[in-house]
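Inspection log for the structure reproduced underneath, given as structure tokens.
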There are 2 protein chains.
Amino acid sequence: MSPAAAEPAEGSLLLDDQLCFALYAASRAVTARYRPLLEELGLTYPQYLVMLVLWEQDSISVRDLGTALQLESSTLSPLLKRLEANGLLRRERRRDDERSVAIRLTDTGARMREQAAAVPLAIGDAMGLTPDQDALAKQLLRLITANVAAG
Amino acid sequence: MSPAAAEPAEGSLLLDDQLCFALYAASRAVTARYRPLLEELGLTYPQYLVMLVLWEQDSISVRDLGTALQLESSTLSPLLKRLEANGLLRRERRRDDERSVAIRLTDTGARMREQAAAVPLAIGDAMGLTPDQDALAKQLLRLITANVAAG
DNA sequence: CACGCTTTAGTTGTGCACGACTTAATCGCA
DNA sequence: TGCGATTAAGTCGTGCACAACTAAAGCGTG
């Protein structure tokens, strides 16, 4: 991690100067790395993220799931239907508020948690960062997310 | 940028411990920030990345474009058709190798570069990182990309 | 030269991601 | 109490992203 050889001019249009491209490329590369592991579980990457939330907090509304993952209902609704079709969760209208839909894991969905425990370990290994680098990367990424969302 | 309050256990399944999620969320947040700016140019974010490459190196093959952006021809071919339909570029078979297609900017596409110069500045501003943080983030992201691609 | 292998671009099918919109339920307040 | 505004989930259309595959061109070696 030595400093960059030559610091780019402000407002460069060179692809390799763009932080946004480094971000976009890294995100796709990591997702690609997950793909074969998740395929064994029959999950896509966004489906895996939904399962992570549900393993943390079962019986959550579509709205709160969207808040946690920063996804619209127009993305989540079909995704949740696919997970329901695969037997991992059930969707039921809340009786106290019929607008809201509660997402609950099935036994199959809950049991998948054990199998999934190996996944973050394998990916963490593949990313090959030291614990300090990992923490630093998370902090920088959250800072970026917070800043661009704010303006 | 103080250290994290509590370092997560290895292999945690908590969403907010996952570097992969921070990456995925940041990437989408940044793309969302670009959207209104690029809409004025009539571009999507991946189309903007293609234009960045072309402003750097005109008359490039689909293959080399794919290498630069780490995208498959199955993603690029339809995207390039849309850019061609919008009058920003032309596609022509190479005479010396009829398998290959050369992508060339039209005058309109080349002229868009001036308008686009403001975009990275605005985004850099919105990300709100110091030059050091920006450089560090790029280094970490490239390290992650290289590591996960390698294994 | 011939024929099989590789390379290049493109097509097809599936699943996100998001804007614009719809429907139904609930809320708030005049 | 009634009715307009708000909220929740979902549909639809467009555009990535990628795997699996196809078609056509070029290459290499017997």
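Chain A is the first sequence line, chain B the second, and so forth, proteins listed ahead of strands; every chain is numbered from 1.
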>> With salt bridge (Lys or Arg N to Asp or Glu O under 4.0 Å) as the criterion, how do B:R90 and B:E84 come out once you've worked through the C-alpha distance, each side chain's angles and the decisive distance to 0.1 Å?
In response: CA-CA 6 Å; B:R90 270 189 286 273; B:E84 186 176 37; over 6 Å; no
> Between atom CG in B:L49 and atom C1' in D:dA17, what is the gap in whole Å?
Replying inline: 13 Å
>> Measure CG/B:D64 against P/C:dT8 and give the value in whole Å, please.
In response: 8 Å
> Between A:P78 and A:D96, which is nearer to the 5' end of DNA chain C once each is assigned its nearest nucleotide?
Replying inline: A:P78
>> Looking at A:R111, is its backbone amide N or carbonyl O close enough to the side chain of A:Q115 to form a donor-acceptor pair, meaning the two atoms are under 3.5 Å apart?
In response: no
>> Quick check against the 3.5 Å criterion: does A:S12 have a side-chain atom that pairs as donor or acceptor with the backbone of A:D17?
In response: no
>> Using whole Å, what does the distance between atom P of nucleotide D:dC18 and atom CG of B:L71 come to?
In response: 6 Å
>> On the nucleotide D:dA17, are OP1 or OP2 found under 4.0 Å from the side-chain N or O atoms that A:Y24 carries?
In response: yes
> With respect to the side chain of B:S74, which nucleotide from C:dT11, C:dG15, C:dG10 is positioned closest?
Replying inline: C:dT11
> Are any of B:R91's side-chain N or O atoms less than 4.0 Å away from OP1 or OP2 of C:dG10?
Replying inline: yes
> Does a side-chain heavy-atom distance below 4.5 Å link A:E92 with A:S59?
Replying inline: no
> Does B:R28 make a side-chain N or O approach to OP1 or OP2 of C:dC18 shorter than 4.0 Å?
Replying inline: yes
> A:L43 has an atom CG; how far is it from atom P of C:dG15, in whole Å?
Replying inline: 12 Å
> Atom CD of B:E92 and atom P of C:dG10: how far apart are they, to the nearest Å?
Replying inline: 13 Å
>> If the cut-off is 4.0 Å, is B:R63 near the phosphate of C:dA9, judged by side-chain N/O to OP1 or OP2?
In response: no
> More 5' along DNA chain D: A:V62 or A:A29, using each one's nearest nucleotide?
Replying inline: A:V62
> Can you find a side chain N or O atom of B:R99 that sits less than 4.0 Å from OP1 or OP2 on D:dA23?
Replying inline: no
> Is the distance from OP1 or OP2 of D:dC16 to the nearest side-chain N or O of B:Q47 less than 4.0 Å?
Replying inline: yes
> Atom CZ of B:R93 to atom C1' of D:dA25: distance rounded to whole Å?
Replying inline: 9 Å
> Within the structure shown, what part of the strands sits under 4.0 Å from A:L76 by heavy-atom distance: base, sugar-phosphate, or nothing?
Replying inline: nothing
>> With hydrogens left out and only the distance checked, is there a donor-acceptor pair under 3.5 Å joining B:T31's side chain and the base of C:dA17?
In response: no
> Is the phosphate of C:dG10, meaning OP1 or OP2, less than 4.0 Å from a side-chain N or O of B:S77?
Replying inline: yes
> Should A:S100 be listed as having a side-chain N or O under 4.0 Å from OP1 or OP2 of D:dA9?
Replying inline: yes
> Can you check whether B:Q139 reaches B:L136 side chain to side chain, under 4.5 Å on heavy atoms?
Replying inline: yes
> Hey, is the main chain of B:L129 close enough, under 3.5 Å, to the side chain of B:D134 for a donor-acceptor pair?
Replying inline: no
>> With nearest nucleotide decided by heavy atoms, which residue, B:R35 or A:P46, maps closer to the 5′ end of DNA chain C?
In response: A:P46
> Atom CG of A:D97 to atom P of D:dT6: distance rounded to whole Å?
Replying inline: 17 Å
> Given atom CG of A:L83 and atom C1' of C:dG15, what is their separation to the nearest angstrom?
Replying inline: 12 Å
> Do any side-chain nitrogens or oxygens of A:K81 fall under 4.0 Å of OP1 or OP2 in D:dT11?
Replying inline: yes
>> Using a 4.0 Å heavy-atom cut-off, does B:T44 contact any base of the nucleic acid, only the sugar-phosphate backbone, or nothing at all?
In response: sugar-phosphate
>> Between the base of C:dG10 and the side chain of B:S73, is one N or O donor paired with an acceptor at under 3.5 angstrom?
In response: yes
